[in-house]
Protein chains: 2
Amino acid sequence: MKQANLTAEDWARAALDAIAQGGVAAVSIESLARELKVTKGSFYWHFRSRKALLQAALALWETQETDDIIAMADEISDPRKRIQAVFRAASTSSRSGRLMLALAASSPDPLVAEVMARVTERRLEFIRACYEQLVRSPAEAKRWAAFAYSTFVGSLQLARDNPDALPQGQDMHEYLRLCINTLVPRQPALEPLRKAG
Amino acid sequence: MKQANLTAEDWARAALDAIAQGGVAAVSIESLARELKVTKGSFYWHFRSRKALLQAALALWETQETDDIIAMADEISDPRKRIQAVFRAASTSSRSGRLMLALAASSPDPLVAEVMARVTERRLEFIRACYEQLVRSPAEAKRWAAFAYSTFVGSLQLARDNPDALPQGQDMHEYLRLCINTLVPRQPALEPLRKAG
DNA sequence: CATCGTCCATACGCAGGCGTATTGTGCGAG
DNA sequence: CTCGCACAATACGCCTGCGTATGGACGATG
């Protein structure tokens with residue numbers, strides 16, 4: 001009937017679920033034990049401490065996240081389509097977004113901060129590389145990458161906290177199209193004019 | 001030498017500081033008391049419970065935030081300059097940004113969720129009204145508003161967690177200019193072409 | 001000086017979480 | 001069968017935080 005023996009990864013996955021739902025602070029050994037229908041005795045056989053559990057959960061998240069997204073996007077050669085694919089992929093998985101936002105929110109925790117910094121760095125670098133083929137200078141590519149990533153993260157947050165603010169259904173597609181079209185320059189040398197203000 | 005008697009607002013302000021630094025979970029009466037050099041006895045004279053403190057802090061934040069920003073921006077008549085002003089204002093105050101992100105991260109808490117939803121709603125409505133004068137249809141205005149607000153929130157988060165990702169110093173101005181120029185259509189009827197992909 | 005209200009300190013009970021120590025249970029190997 | 005090991009339950013001490021109860025300290029007021 002039931003899976004008799006738990007593994008360390010089972011605990012790590014449960015921890016990620018808890019994080020997605022209530023943040024890192026919600027990762028308590030005893031509450032996870034209740035959810036897994038066991039007691040602390042089980043936990044302390046698999047892990048030395050709560051800190052070790054968090055490290056395992058973060059490691060699991062890091063590999064999952066990077067593997068899934070980078071692998072998926074690396075198969076697309078056209079840089080424009082690659083950016084679009086990343087955008088669309090991340091806009092669909094709700095849990096993945098919640099998880100990432102919850103982790104980003106726990107940046108005071110140095111354990112989390114280190115992993116988050118590394119993951120964000122890798123994602124930004126990926127996007128930046130896409131833009132390198134679309135704009136004139138490396139500095140421009142960096143700016144566009146930060147711009148696009150910011151929009152992406154912010155949209156996730158808006159979708160989580162104010163779902164009514166993001167147009168739903170058919171209009172959602174229009175919204176995505178607007179973002180993508182705006183964030184992906186059409187000619188290699190296109191950048192907005194500089195006479196604003 | 002010292003302000004002998006604390007007020008309820010002193011406690012609320014301290015709570016906001018704690019939230020900005022460690023999230024809502026970091027608001028503990030006893031730690032705040034330590035910081036304020038008093039004991040719990042003081043707190044429970046001013047407030048009935050921790051929940052009451054959070055409510056007061058949230059109320060304080062809501063009025064401060066809306067008053068400051070809306071009042072500042074309402075004096076600018078040109079919708080383009082108004083959007084730019086909001087963007088620039090929010091990009092400068094570090095504490096304000098941290099605070100907002102910390103609150104957004106605590107959306108599971110229904111107390112926080114309600115306030116956040118209301119504040120975000122008001123801000124989005126403000127931006128949407130600006131765009132109404134810049135684009136053709138109301139639906140477009142809503143999309144642009146969500147787009148711009150997402151970029152804004154995401155930039156805050158990037159600035160907090162990966163300050164190196166956002167170009168610093170002089171390049172920071174370039175980044176802001178890129179975002180603003182891209183996010184503020186120059187002619188009333190301008191929207192990106194629809195033949196992408 | 002006596003008294004009262006305001007503001008805070010002290011002391012307590014209680015709950016929940018971390019980590020440890022000890023004990024139990026099932027199962028494969030010999 | 002029994003022995004040993006992987007896995008889990010139980011019980012404990014400790015800390016931290018919430019909330020309460022009660023007792024000052026101190027200034028205003030009469």
Side-chain angles (χ1 to χ4, degrees), chain A residues 1-60 102-103 105-106 108-113, chain B residues 1-60 102-103 105-106 108-113:
Chain A
M1 188 71 193
K2 72 169 186 178
Q3 168 93 9
N5 284 352
L6 297 175
T7 70
E9 199 174 319
D10 289 331
W11 283 95
R13 264 195 287 266
L16 287 183
D17 282 340
I19 291 174
Q21 199 167 1
V24 172
V27 176
S28 92
I29 295 166
E30 314 208 342
S31 73
L32 290 182
R34 278 191 294 271
E35 208 155 319
L36 293 173
K37 312 278 194 185
V38 292
T39 61
K40 288 192 301 184
S42 169
F43 174 83
Y44 282 100
W45 195 90
H46 295 286
F47 292 94
R48 238 187 71 260
S49 68
R50 179 178 181 274
K51 182 177 173 182
L53 170 64
L54 281 183
Q55 282 172 331
L58 287 170
L60 180 62
L103 286 174
S106 305
D109 189 327
L111 262 156
V112 182
Chain B
M1 187 75 192
K2 72 168 185 180
Q3 169 94 8
N5 286 352
L6 296 175
T7 71
E9 201 174 318
D10 289 331
W11 283 96
R13 265 194 286 266
L16 286 183
D17 282 341
I19 292 174
Q21 198 168 1
V24 172
V27 176
S28 93
I29 297 166
E30 314 208 342
S31 74
L32 291 182
R34 279 192 292 272
E35 209 154 319
L36 293 173
K37 311 279 191 185
V38 291
T39 61
K40 286 193 302 185
S42 168
F43 174 83
Y44 282 99
W45 195 91
H46 294 286
F47 292 94
R48 236 186 73 259
S49 66
R50 179 178 180 275
K51 181 177 174 181
L53 171 63
L54 280 183
Q55 282 172 332
L58 287 169
L60 180 61
L103 287 175
S106 305
D109 188 327
L111 262 157
V112 182

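Everything numeric here is computed off the predicted structure, so don't read it as measured data.
- The shortest heavy-atom contact between Ala12(A) and Ala57(A) is O-CB, 3.8 Å.
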Problem set entry | Residues Phe43(A), Trp11(A); criterion ring-ring contact (aromatic ring centres under 6.0 Å, His included); working and verdict | CA-CA 8 Å; Phe43(A) 174 83; Trp11(A) 283 95; 5.2 Å; yes

Pull out every protein N or O sitting under 3.5 Å from an N or O of nucleotides 11-18 of chain D, one pair per line with the distance.
| residue | atom | partner | partner atom | Å |
| --- | --- | --- | --- | --- |
| dG17(D) | OP2 | Arg34(B) | NH2 | 3.3 |
| dC18(D) | OP1 | Ile29(B) | N | 3.2 |
| dC18(D) | OP2 | Ile29(B) | N | 3.0 |
| dC18(D) | OP2 | Glu30(B) | N | 3.4 |
| dC18(D) | N4 | Lys40(B) | NZ | 3.0 |

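- Between Phe47(A) atom CZ and dC7(D) atom C1' there is a gap of 14 Å when expressed in whole angstrom units.
- To the nearest 0.5 Å, atoms CG (Leu103(B)) and CG (Leu16(B)) are separated by 7.5 Å.
- Annotation: side chain to side chain donor-acceptor pair (under 3.5 Å) contacts involving residues 47-59 of chain B, sequence neighbours excluded, are absent.
- Between the P atom of dA9(C) and the NZ atom of Lys37(B) lies a distance of 12 Å, rounded to the nearest Å.
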Exercise. Are Leu54(B) and Asp109(B) close enough, and set up right, to give a side-chain contact (heavy atoms from CB on, under 4.5 Å), and what steps lead you there?
Worked result: CA-CA 11 Å; Leu54(B) 280 183; Asp109(B) 188 327; 4.3 Å; yes

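- Taking side-chain N and O atoms only, His46(B) has no distance below 4.0 Å to OP1 or OP2 of dT6(C).
- Sorted by first and then second residue, the pairs that involve residues 11-35 of chain B and meet salt bridge (charged side-chain N to carboxylate O under 4.0 Å, His left out), not counting sequence neighbours, are Glu9(B)-Arg13(B), Asp10(B)-Arg13(B), Asp17(B)-Arg95(B), Glu30(B)-Lys40(B).
- Look at CH2 on Trp45(A): it is 17 Å from C1' on dT23(C), rounded to the nearest Å.
- In this entry the distance linking CG of Leu36(A) with P of dA9(D) reads 10 Å, nearest Å.
- Atom C1' of nucleotide dG17(C) and atom CG of Leu53(A) are separated by 14 Å, given to the nearest angstrom.
- With distances taken from any side-chain atom of Asn5(B) to the nucleotides dA9(C), dC7(C), dA6(D), the minimum falls on dC7(C).
- Taking atom CZ of residue Arg48(A) and atom C1' of nucleotide dC18(C), one finds them 13 Å apart after rounding to whole Å.
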